[in-house]
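Below: one structure, written as structure tokens.
Just so we're on the same page: letters track the sequence lines, and every chain starts at 1. Keep in mind that this is a model prediction, so the values were computed, not measured. The figures here come from the full heavy-atom set of this structure, side chains too, leaving out hydrogens, waters and symmetry mates.
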Amino acid sequence: MKAELQELLRAALARAKDSGAFPVEELPEIRIEEPRETGYGDLATNIALVTAKAARRSPRELAEALVAAIDDPDGIIEKVEVAGPGFINFTFSNAAWQRRLAAILAEGENYGSPDLGKGRRVQVEFVSANPTGPLHIGHGRGAAVGDALARVLEAAGYDVKREYYVNDAGVQINTLGRSVRARYLQLAGVDTPFPDDGYPGDYVTESARGIFERDGRKWVDVDVDEAVVALGRIVADEQLAGIRTDLHAFGVSFDGFSSERALCEAGAVEHALERLRERGCVYDADGAVWFRSSDFGDDKDRPLIKSDGQLTYFAADIAYHLKKLEAGFDTIIDVWGADHHGYVPRVRSSIQALGHDPARFAVLLVQMVNLTRDGEPVRMGKRTGTFITLKEVVDEVGADLARFFFLMRKSDAHLDFDLELARRQSAENPVFYVQYAYTRIAGIFRQATEKGIVEPSADAAAVTALQTEEEISLIRMLDSFPDVVEAAADTLEPHRIVFYVQKLAGEFHRFYARHRCVTEDAELTAARLLLVRAVQMVIGRGLGLVGVNAPERM
RNA sequence: GCGCCCGUAGCUCAGCUGGAUAGAGCACCAGACUACGAAUCUGGGGGCCGCAAGUUCGAAUCUUGCCGGGCGCACCA
């Protein structure tokens, strides 16, 4: 509808300019928005307010001139008013809305797929938790946000790849190896102290038991360093497999898992360092090798190679991001926990230093989840080894509810998640509110089928019976879906979909309480069936974009 | 000390990239099923949009400074 109005206004503006009623040098961009108050019509523009200064006319005068120049041969506009300081408010005719519904139905499952991306390639990297233990609830939020973002970008016409970066090299795997070895030796009856910095979780002991049962005392006499490396790898692989299982149960899958170890072994780090050296962004000091990140907006320079000859994690990360860019992605998006925010300028500066446009790199920060049970905070900590895993949450409240909750906030806002409340309220929560709307529509069609009513085919003539405020409101709601998808993709804010879908469901429940779809009036029945079919389709699409199921029955 | 994020109804949060009388859910109060599922609907009370300046036709939204909360500031990962 916006597009149609835009066309009318563009033509009107040109005519008004030619006749001298709209004295501006250049035709301004026409911005159309939905007014907050329904009393202000369906759509409004502030064009007269914006151009008043340049045109040296009062906004209202300009608005009147523009309105007078509008030519509306198809009868789209029912009413147009100049209001307040100079807004122009448009109310569309029911006939126009009916045509709009027919068009939406004609688009079918493609509806709400604005071609914003035009096939451009985007990589979304998310979760990327170290394979040193199970995913916890914070990773769950990252998974929900990253996956929903990927789905939204796909809907908006981008060619999206989902990627998980596996930190399977370096200190943390060594720590894991030492932890498992200690537990293993303890099981084998060898008195061994558990490392101070070891991972205390029960899963470490379980892994050790598994190895002991499988391999017996095989590792007892193996050289310490060798055993630590080997056991670390075994358990890391095991953990990664568990992570993939948990993610699968959560409805999240990846196109690729990129291994840090493989990256290093392939010489990618040397390649990246070489590129940085060529560009003069590297220097030696205090026995270490440094990157001049402060030349590119970072607080200070960062070490790439430590004085003991070890590569830093950052060096591997530079190599990894370089590899992504060289792989031909137009945009790379990282979804990180907000506690890593200090890392953003560093990585961005490395991208710039390597001669790539830093605008191709975006980071979506996901804030912490404040987990409670009956209002009491649930302590989370690697050190204490107590944390709630994603699997536990999914088992307790279900994947749909968890995903929906994770996406009910802007990702950069803290999220309170009360397990007990989520479980208890599972009969009356926003997820079911939306799913119930979908289910109710399925029920309408079941009823229609029982009565032998065949679903009519869609065209504007078939829906002329839709006249009530609730019906037109629903169409208006449906009409804005593509804009919501576009905005969500543009701003990387998948939570907008969740809010939209709740609002649409609310609009539907209101309609449902007031009007019957299956009636004695065949024409009205046909029209309403088409309307709710469109509503069902859009709710289904919206839920699909955030990875939540749309059930026929609940 | 420096940096990033947040501060909107009793609680949890939206607010469409600067618009008109600031919204929703929960909670509380009062109503609605002999018809497509009441997991629903209708009505009601509730607000110095943290505080103070600035930018302009116009600010919850942009700028600056304070106040409060969270998170970061390693030759860690």
Discussion item. Can you tell whether the side chains of A:Arg476 and A:Glu34 come within less than 4.0 Å, N to carboxylate O?
Written reply: no
Item to complete: Kindly state whether the pair A:Tyr40 / B:A20 counts as stacked, where counting means centroids closer than 5.5 Å and planes tilted less than 30° apart.
Response: yes
Worksheet item: For atom C1', what is the distance between B:A24 and B:G15, given to the nearest Å?
Response: 10 Å
Worksheet item: So, A:Arg302 and A:Asp317, do they make that salt bridge, N to O below 4.0 Å?
Response: no
Worksheet item: Can you find a side chain N or O atom of A:Arg510 that sits less than 4.0 Å from OP1 or OP2 on B:U42?
Response: yes
Worksheet item: Hey, would you say the A:Phe508 and A:Tyr438 ring centroids sit under 6.0 Å apart?
Response: no
Practice prompt. Mark this stacking check for A:Phe87 against B:G19 as yes or no, applying ring centres under 5.5 Å and ring planes under 30°.
Written response: no
Item to complete: Starting from the 5' end of RNA chain B, give me the residue, A:Thr491 or A:Lys300, whose nearest nucleotide shows up first.
Response: A:Thr491
Response to the item:
Intra- and inter-strand pairing of RNA chain B, written as dot-bracket with Watson-Crick and G-U pairs under 3.5 Å and | for the latter, reads (((((((..((((.....[...)))).(((((.......))))).....(((((..]....))))))))))))....
Practice prompt. Decide yes or no, distance alone: a donor-acceptor N/O pair under 3.5 angstrom between the base of B:G72 and the side-chain of A:His340.
Written response: no
Item to complete: Using a cut-off of strictly less than 4.0 Å, decide whether A:Tyr343 has a side-chain nitrogen or oxygen near OP1 or OP2 of B:A74.
Response: no
Could you give the side-chain donor-acceptor pairs of residues 491-500 of chain A under 3.5 Å, partners two or more places apart or in another chain?
from, atom 1, to, atom 2, distance (Å)
A:Thr491, OG1, A:Ala487, O, 2.7
A:Thr491, OG1, A:Glu493, OE1, 3.4
A:Thr491, OG1, A:Arg496, NE, 3.3
A:Glu493, OE1, A:Arg496, NE, 2.8
A:Glu493, OE1, A:Arg496, NH2, 2.9
A:Tyr500, OH, A:Met477, O, 2.8

Worksheet item: Which of these nucleotides, B:C75, B:A38, B:C36, is closest to any side-chain atom of A:Val518?
Response: B:C36
Worksheet entry | Euclidean distance, atom NE2 of residue A:His495 to atom P of B:U17 [Å, nearest integer] | 13 Å
Worksheet item: Choosing from B:A35, B:G70, B:C57, which nucleotide comes nearest the side chain of A:Arg516?
Response: B:A35
Worksheet entry | Separation between the P atoms of B:C11 and B:C49, rounded to whole Å | 15 Å
Discussion item. Is the phosphate of B:C57 approached by A:Lys53 (side-chain N or O, under 4.0 Å from OP1 or OP2)?
Written reply: yes
Worksheet item: What distance, rounded to whole Å, do you find between the two C1' atoms, one in B:A60 and one in B:G7?
Response: 11 Å
Fill in: Of A:Glu33 and A:Asp299, the one whose closest RNA chain B nucleotide lies more 5'
A:Glu33
